[in-house]
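Letters A, B, ... are given to chains in the order of the sequence lines, protein chains preceding strands, and every chain is numbered from 1. None of the values given here were measured: they were computed from a predicted structure.
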Amino acid sequence: MSQTVGRVLGTLDAMPLEFWVGVEEGQYLQLDDVVEVLTPLPDGTEVRLFGVVDLVRARHEGAKFDSDVFLIETGVLPATVAQAAHVKVTRVEPEVFVPPRPGQPVRRAAGARREQALFFDGMERRLPIGLSRGGEPLYANLDFLDGSRGAHVNVSGVSGVATKTSYATFLLHSLFRSGALGGEAANTHAIVFNVKGEDLLFLDLPNARLEAKAREDYARLGLPAEPFDSVQVLAPVRPGSRERLPATGSRQEGVRSFFWTIREVVSERLLRFLFAEADDAASQIAFVVDRIEARLLGCLSVGTAKDPWIDIEGRRIDTFDMLVEALTGRDPEAIEPKSLAERWASPAAPGTVQAFERRLHAAARHVGHLIRGSDVGKREEHRLDWRKTQTSVVDIHALHDRAKRFVVGAVLKKMFEEKEALGTSRPLVFVVLDELNKYAPREGGGPIKEVLLDVSERGRSLGIVLVGAQQTASEVESRIVSNAALRVVGRLDTAEAERPEYGFLTAAGRGRAGILKPGTMIVQQPEIPTPLLVRFPFPAWATRKSEVAPAVAGADVFRGFRGE
Amino acid sequence: MASSEYILRLDPWAAEYEGAIQIGDGEEDAARVDIRVESPAWAAVRPATLPAPRRAAFVDGVRRVEHRLLIEHGERTIFGLLGSFGVGAVVVDGVARVAHETIARVAVAAGGLSLRRFETPVSNGRVAVAFDPVSEPENTPVAPVQGLQKAMRQGEAALAERLSAEADIVFLDGPLTYLAAAARGPVVGFVKRLLRTYLDPSASALLPRLGVGERTPLFLVEGARQPRYSWYTRIGVGRMIDSALTGVVRLEVPAAPGLERARALADLAACMLPRFASDPAHDPRAPQNLFPIGALEARLKHRLGDHAMIRRSIEARLHAEVMA
C-alpha cells in the first residue's frame with residue numbers, strides 16, 4: 001500500500017496541472033518521485049491526479065532573517081524545517097481538471113498506480129528505456145519508435161563521456177532483446193556508424209568489466225546482460241591495399257573492409273556525396289555535379305554491370321585518380337584547352353567548374369581510396385549488406401570529414417532506395433548516427449542533409465528510424481530534431497540547455513542537465529507530459545579493446561567456423 | 001439567574017482599540033521587601049559560569065479579543081467579549097523547539113453572568129470554533145479583558161508547573177501570581193517590564209550598574225501573595241538612546257523551597273539568559289523579549305487563526321440569530 005508522504009499545500013496555489021505538497025515529518029520526496037492524490041468532487045466522485053516531483057525545497061519556518069539559521073542551530077531560536085515538493089501533473093483520471101484540494105493526502109504512487117501515472121498502463125508494446133533512480137523500470141511506447149505513431153530518436157549531450165552513443169546502443173539492445181518488437185525483432189536491423197573513437201566496434205563482445213550490479217539492472221529491465229549477436233563490422237579499405245585489407249584500429253578480428261566501385265559511384269549517382277561540404281551547397285556546384293553525374297551515366301554502356309571500371313570516351317578508368325584526371329585533365333596542346341568537366345558542365349560558369357575541379361582533387365586525396373576500379377575481389381564481401389546481420393557497424397572514425405560524409409551519404413541513400421523499392425515498412429532499420437550536426441547542419445543544404453531529411457520525414461512509413469545524436473541540438477536541422485518522437489538529453493552545457501530546442505525540459509530539468517552523470521539521461525516522449533530521468537546500465541558489450549573479456553576474445557577465433 | 005435570557009450584541013467599539021489597556025497582572029503595591037536575605041552587602045553578584053542546563057523551558061502566552069460584546073440581560077447591560085488565547089513553551093535541550101501549544105477561546109461575561117458556550121463555523125463549515133464561558137464578578141468595561149488575561153495566565157502557570165517536572169529551569173512570563181501555592185518545581189517568573197520598583201531609591205541605584213550576567217542579591221517580597229525571592233539581572237545592554245535599565249529584568253521564585261534553591265536558580269538564570277537576549281533587528285522589545293519568547297509569541301499568534309475570518313464568522317452567526 002502506498003504511503004502518505006504529505007499533503008497538498010494551501011498556502012501556494014494548487015492547480016490542475018501543478019501543485020505543491022507539504023512533506024510530512026519523517027517523510028521525504030525527491031526529484032522524479034511519482035505521486036498521486038485523490039480530490040473529491042461535490043457529487044461524491046473522486047478525481048485522481050498523478051504527477052512527478054520536479055522541485056523540492058526545505059526552509060526554516062519561524063525564521064525571519066538569514067542569520068536566524070545560526071540562532072536556530074545553537075538552540076536559541078525555535079524554528080521548524082518545512083519541506084515542500086512541487087508536482088507536475090502527468091495524468092488526471094477521470095479527466096476533470098480541478099485543482100487538488102489543499103490538505104488532501106499525497107501518496108507515493110507504486111506498482112500499478114505508478115504505471116498509470118506514467119502512462120505505462122496504456123502502452124501495449126513497451127520498450128524498457130532505463131531505470132528510475134529508485135531502480136524501477138521506465139518505458140517508452142514502441143508505437144512512437146517503430147513508425148506506427150511516430151519514429152526517430154534524438155540524443156543531445158556534451159561529448160567526452162560517450163554517453164550518447166552508449167545510450168543509443170542501449171536502446172538498440174532493448175529493441176532487439178526486450179521482446180517489445182515480438183517476432184519482428186529477429187528481422188529488425190540496425191546500421192551503426194562509428195563516428196568517433198572505437199567504442200562501437202566491439203558491440204558483439206562481452207564486456208569484462210560488467211559488474212554484478214549492472215547485471216541486476218539488466219535483469220530488472222527484463223534484458224539479457226549480453227552483447228549484441230549477429231554483428232558485422234565494416235571498416236574502410238586501407239589505401240592502396242590490393243588485398244583489400246580493412247584499415248582497422250585496435251580491433252583486428254572479424255572486420256571486413258568496404259569500398260565502392262567506380263561503376264557503383266556512377267550508376268548510383270554517389271558522386272554528389274563528395275561535394276557535401278556546407279559551402280558546396282551554397283554555390284552552383286550542385287548543378288555542375290548533377291550535369292556530370294548525368295553524363296557519366298552515359299559511360300556505363302561499355303562493360304558489364306559487374307565490372308568495377310568504367311570507360312570514358314575510350315579511356316578505361318581503373319582508379320579514382322584516373323577518373324579525376326579524365327574529368328579535369330586538359331590537353332596542353334589544344335588550341336583552347338578545356339577539361340571534360342568544362343565541356344560536360346556547359347553552360348556553367350568557368351569559375352564554378354573550376355571550383356568543382358578543385359573539390360574533386362581534394363576529394364581524391366581523402367576519399368579516393370574508397371572508390372576503386374580494380375582489385376575489387378568478391379564484391380559482396382566488401383559491400384554493406386545490412387540484411388546480412390542484425391547489426392552492421394560501419395567504422396568511419398579514422399576517415400577525413402569529407403570521406404565520412406561520403407560514406408554516410410552513400411550508405412543511407414542506398415539503404416533508403418532499397419527500402420523505397422520494397423515499399424513496406426518492414427523490416428525495420430534503425431540508423432545510429434552521431435555528430436548529426438556535421439551531416440545535417442542547421443544552416444545550409446547539401447545531398448546528405450537531403451537524405452537525412454528524407455529519412456526523418458518519410459522514414460517513418462518506410463520503416464527507417466533515425467537514432468541521431470549531437471552535442472547541441474541547436475546546430476542540427478530543426479526538422480530532424482523536431483521529428484524525433486523520443487528526445488533524449490544527456491549532460492548539457494548550461495547555456496545550451498536554455499535554448500528552445502530543449503523547451504520540453506522543466507526549469508529544474510535544465511539545471512539538472514548541467515550536472516547529469518554519465519549513465520543518466522533525461523528522456524521526453526510524446527505520451528508523458530514530463531521528461532523522465534533514466535539511468536541505463538553499464539554496457540554489457542565492450543566499448544574498447546581493454547574491456548573485451550579475454551576468454552571470449554580467444555574463442556572469437558572460431559567465429560568463422562560457426563558460420564557467422 | 002437563568003442564562004437563557006440574555007441577548008448578545010456586538011460592542012461597536014472595535015476590539016483592536018482595547019489592546020492598549022494594560023492589565024495590572026498582580027504586581028502588588030503593598031509589599032514588604034527585605035534586601036538583606038542573601039547577603040548583608042547590597043552589591044552586584046556575578047555567579048561563576050555554570051554549564052547550560054540539560055533542559056530549559058520558556059512559557060508564554062498571547063491573547064486576542066475577537067469581538068467585544070454588550071449583553072442585554074433583563075434591565076442590565078453587561079460587558080463581555082469573545083476572545084482567544086494561546087499558551088505554549090519553547091523547550092531548549094540542544095535545539096530549541098516550540099512545544100505544548102494550546103489554543104483556547106473564551107466567552108467572557110462580566111457582572112457574574114455565565115454565558116452558554118458560543119460556537120461558530122469556520123473553514124467552509126468543516127470546523128467550528130467554540131468559546132467556552134468565563135465569568136467575571138465586576139461589571140466594568142475592563143473586566144472582560146481581565147477575564148481573558150486571567151484565563152491565559154492560568155494556562156501559562158499550569159503549563160509551567162507541568163514542565164517544571166522535566167526541566168531544570170522553567171521561565172514563566174510575568175510574575176508568579178497564578179502559580180499554585182503548592183508548586184515546588186524550578187519555575188522562575190520573568191518580568192520584562194519594570195513597571196513597579198520593589199527597591200528604595202538607594203538600592204535601585206545598583207540596577208543601571210549591573211553588568212551583563214550579573215544580578216542583584218536576592219530579596220524577599222512578602223505581601224498579599226505567597227512570599228517569594230526576587231532579584232534583578234541584566235541580560236543585555238540597550239543602545240545609547242535606550243534607558244539605562246534596558247536589558248534589566250526582574251525574576252522571582254516562590255520562597256517556600258528555600259533560599260539555597262532560589263540562589264541556585266538565580267545564578268543559573270543570570271548565566272544562561274544573556275544567550276537568549278534578542279537584538280533590536282529582530283524585536284523592537286529587545287533585549288528583554290527573549291528570542292524564544294518572541295518566536296513563541298509569533299507562532300502562537302499565528303495559531304490563533306485569522307482574526308478577520310473569525311470576526312466575520314462571529315458576525316455571521318449573530319446575524320443569523322437576528323434574522324431568525
Rounded to the nearest 0.5 angstrom, the CD1-CZ distance for A:Ile72 and B:Phe291 is 10.0 Å

Note, A:Thr80 side chain near B:Arg299 side chain (heavy atom, < 4.5 Å):
yes

Tell me whether the count of non-hydrogen atoms from other residues, nucleotides or ligands lying under 6.0 Å of CD in A:Glu211 goes above 12.
no

With a 6.0 Å cut-off (strictly less than), is the heavy-atom count around NE2 of B:His100, excluding the residue itself, greater than 12?
yes

Greater than 12 external heavy atoms within 6.0 Å of A:Phe65's CZ
yes

More than 12 non-hydrogen atoms from neighbouring residues, nucleotides or ligands closer than 6.0 Å to CZ on B:Arg46, yes or no?
yes

Check whether B:Arg97 gets within reach of chain A through its side chain, its backbone, both or neither, counting any heavy atom under 4.5 Å.
backbone

Using non-hydrogen atoms only, which part of B:Val98 is less than 4.5 Å away from chain A: side chain, backbone, both, or neither?
both

May I ask you to check whether over 12 heavy atoms, not counting those of B:Arg54, lie within 6.0 Å of atom CZ?
no

So which heavy atom on B:Ala96 is nearest to which on A:Gly75, and how close?
CB-O, 3.3 Å

Tell me, yes or no, whether the heavy-atom count around A:Glu25 atom CD, taken from other residues, nucleotides or ligands under 6.0 Å, exceeds 12.
no

Side chain, backbone, both or neither: which part of A:Leu71 has an atom under 4.5 Å from a heavy atom of chain B?
side chain

Is chain B contacted by the side chain of A:Ala79, its backbone, both, or neither, given a heavy-atom distance below 4.5 Å?
backbone

Chain A contact via B:His282 - which portion, at a heavy-atom distance below 4.5 Å:
both

